[in-house]
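Reading through the structure tokens given below for one structure.
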Protein chains: 2
Amino acid sequence: MPTETRIVIVDDHPVVLEGLTNMLHSLDSIKLVAGCADAIATMAVLRKEPVDLVITDINLPEISGIELCRRIRTAFPHTRVIGISTFHDPAYARELLNCGGSCFVTKNASVTEFETAIRKALQGETWVGDLLTEQKPLSFSQQEGPVITRREREVLALIATGFTNKEIAEKLFVSISTVDSHRKNLLTKFGVLNTAALVARAAKSGLIS
Amino acid sequence: MPTETRIVIVDDHPVVLEGLTNMLHSLDSIKLVAGCADAIATMAVLRKEPVDLVITDINLPEISGIELCRRIRTAFPHTRVIGISTFHDPAYARELLNCGGSCFVTKNASVTEFETAIRKALQGETWVGDLLTEQKPLSFSQQEGPVITRREREVLALIATGFTNKEIAEKLFVSISTVDSHRKNLLTKFGVLNTAALVARAAKSGLIS
DNA sequence: CGTGAAATCCCCTTTTCAGGGGATGCGTTT
DNA sequence: AAACGCATCCCCTGAAAAGGGGATTTCACG
């Protein structure tokens, strides 16, 4: 590596920010440009000075880490993004990669894992951590949250808000049958037997506001 | 303070552990005895050497921080406990204090707040952070989630897991009618019309794992 | 130009839930 | 002793959801 890698860390929890900062100090050739608490502040920093890598929490107030990633990659294509999250949620990882993110690691990842993620990100590779890749696609798509379509996501959101099939049908200008089909598909995809479990699982996967 | 305060930190996320450790380093008269990832390890440390204060995450794998607190206070009455959590959930705070905890702070608390909490805890006082005490009981019981009984909490958890009233009844060794009553009370207390909204709200309030 | 996924719609039956009512013990608090 | 909250149990009815099946259009992709 010719020069120092310029890094920005984003997390709304000072404790985590501190922990990450400290963790990075132990690595070579790294210059911590800034630690930000939200997406707005981060974009402001990026506009002012060149940054090679942004390490951001997924769960941020106002603007999510995913969205932040998208904006970074749109405005500064040379800046790589690593997402971190409390939970090893494949849905997050998938979304992050879809939005141009390089790596996804959980907060309980080891220093080694962080190092790997940083290295991979800087080389332009994608990586989603050991815990995630270890699992078979089948097993975690059942367990952690399946791939659902746009329409299913809409219906799911309305279900979680407490609307009945009939009400959802009226809102979406479709028939009750259609909503019912989507609902059934959701149950099947999530591998659950009723609405309660569906909503709980969706909430856990961060699919619900 | 005559001697150093002996502290153990508990969090299953290395990053947070690191952050807290670092934060504590900046304070005087503190000796960090150990950093643990779970309740079992923590109890093992306590059995080996005297500890004045345990700072633990509420959300721990296997055994929760609340339960850990209870065990600590039962086995080592002189050891104080501070609970930390990602969310400023009054329900957590209440439970923690009920289990003998001294203070409750969120992970986005400032160093000053941590200092206050530590000081209060060592003096045997209880404290639940600024954000929590600022709010009136009425306002946050409406907004953050109603006060529900132990039994209702149990039923709610089982509902969210996807069990039907019949199955819950079998698990709790009560009749379906009873479970149904609890369910209805939950709907009323949360001010929602169906299970989907109930689970969503409960998830938002952090009442569901 | 097929193929396939997504979205749309319909039929059927059984189970579960929601909403209304009331009632009984059993502790704790007043 | 009375009042209260909690947990327990029961009745009823109608609505909603679950579970099963099948069918259509539309649109993107190879």
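Predicted, not measured: the structure shown is a model, and the values here were computed from it. Values reported hereafter were calculated over all heavy atoms of this structure, with side chains retained and with hydrogens, waters and symmetry mates removed.
Side-chain contact between A:Arg183 and A:Thr195: present, with at least one pair of heavy atoms (C-beta onward) separated by less than 4.5 Å. Side-chain contact between B:Leu53 and B:Val8 is absent, with no heavy atoms from C-beta onward closer than 4.5 Å. Side-chain contact between A:Ile55 and A:Val10 is absent, with no heavy-atom pair separated by less than 4.5 Å. A 4.5 Å side-chain heavy-atom check between A:Val15 and B:Phe114 finds at least one atom pair inside the cut-off. The side-chain heavy atoms of B:Val81 and B:Thr56, taken from C-beta on, include a pair separated by under 4.5 Å.
Pairing each heavy atom of A:Thr42 with each of A:Cys36, the nearest pair is OG1-CB, 3.4 Å. The two residues A:Val199 and B:Ala196 have their closest heavy-atom pair at CG1-O, 3.6 Å.
Atom CD1 of A:Ile168 is separated from atom P of C:dC9 by 14 Å (rounded to the nearest Å). The nearest whole Å value for the distance from the CZ atom in B:Phe163 to the C1' atom in C:dT15 is 17 Å. Rounded to a whole Å, the CD atom of A:Glu154 is 13 Å from the C1' atom of C:dA6. The nearest whole Å value for the distance from the CG atom in A:Asn165 to the C1' atom in C:dT8 is 15 Å. Across the protein-nucleic acid pair, A:Arg150 atom CZ and C:dA5 atom P stand 17 Å apart, rounded to whole Å. Atom CG of A:Asp180 and atom P of C:dA6 are 18 Å apart (whole Å). Per the geometry, CG belonging to A:Leu172 stands 18 Å off P belonging to C:dA6, to the nearest Å.
Nearer the 5' end of DNA chain D, as judged by each residue's closest nucleotide, is the contact made by B:Val174, out of B:Asn194 and B:Val174.
Applying the 4.0 Å criterion to OP1 and OP2 of C:dC9, one finds that A:Thr178 has a side-chain N or O inside that range. For C:dT8, the OP1/OP2 oxygens have a side-chain nitrogen or oxygen of A:Arg151 closer than 4.0 Å.
Within 4.0 Å of B:Leu193, counting heavy atoms only, lie sugar-phosphate atoms of the nucleic acid but no base atom. Note on A:Lys184: a base of the nucleic acid sits closer than 4.0 angstrom, heavy atoms only. Contact annotation for A:Ser181: base contact, defined as any heavy-atom pair under 4.0 Å involving a base atom. Using a 4.0 Å heavy-atom cutoff across all strands shown, A:Ser177 reaches at least one base atom of the nucleic acid.
When each of B:Leu172, B:Ile148, B:Thr149 is tested with B:Val155 by the rule side chain to side chain contact (heavy atoms under 4.5 Å, CB included), just one qualifies, namely B:Leu172.
B:Ser181 and B:Thr178 share no donor-acceptor pair across their side chains, judged by distance under 3.5 Å alone.
At a threshold of 4.0 Å, the pair A:Arg150-A:Glu154 does not count as salt-bridged, since none of the basic side-chain nitrogens sits closer than that to a carboxylate oxygen.
Relative to the side chain of B:Leu187, the nucleotides C:dA18, C:dC9, C:dC11 differ in distance, and C:dA18 lies closest.
Terminal axes of the helix from C:dC1-D:dG30 to C:dT30-D:dA1 (five pairs each, C1' rotation axis) are separated by 50°, to the nearest 10°.
Protein chain B touches strand DNA chain D; the 5'-most and 3'-most nucleotides with an atom under 4.0 angstrom of its non-hydrogen atoms are D:dC6 to D:dC10.
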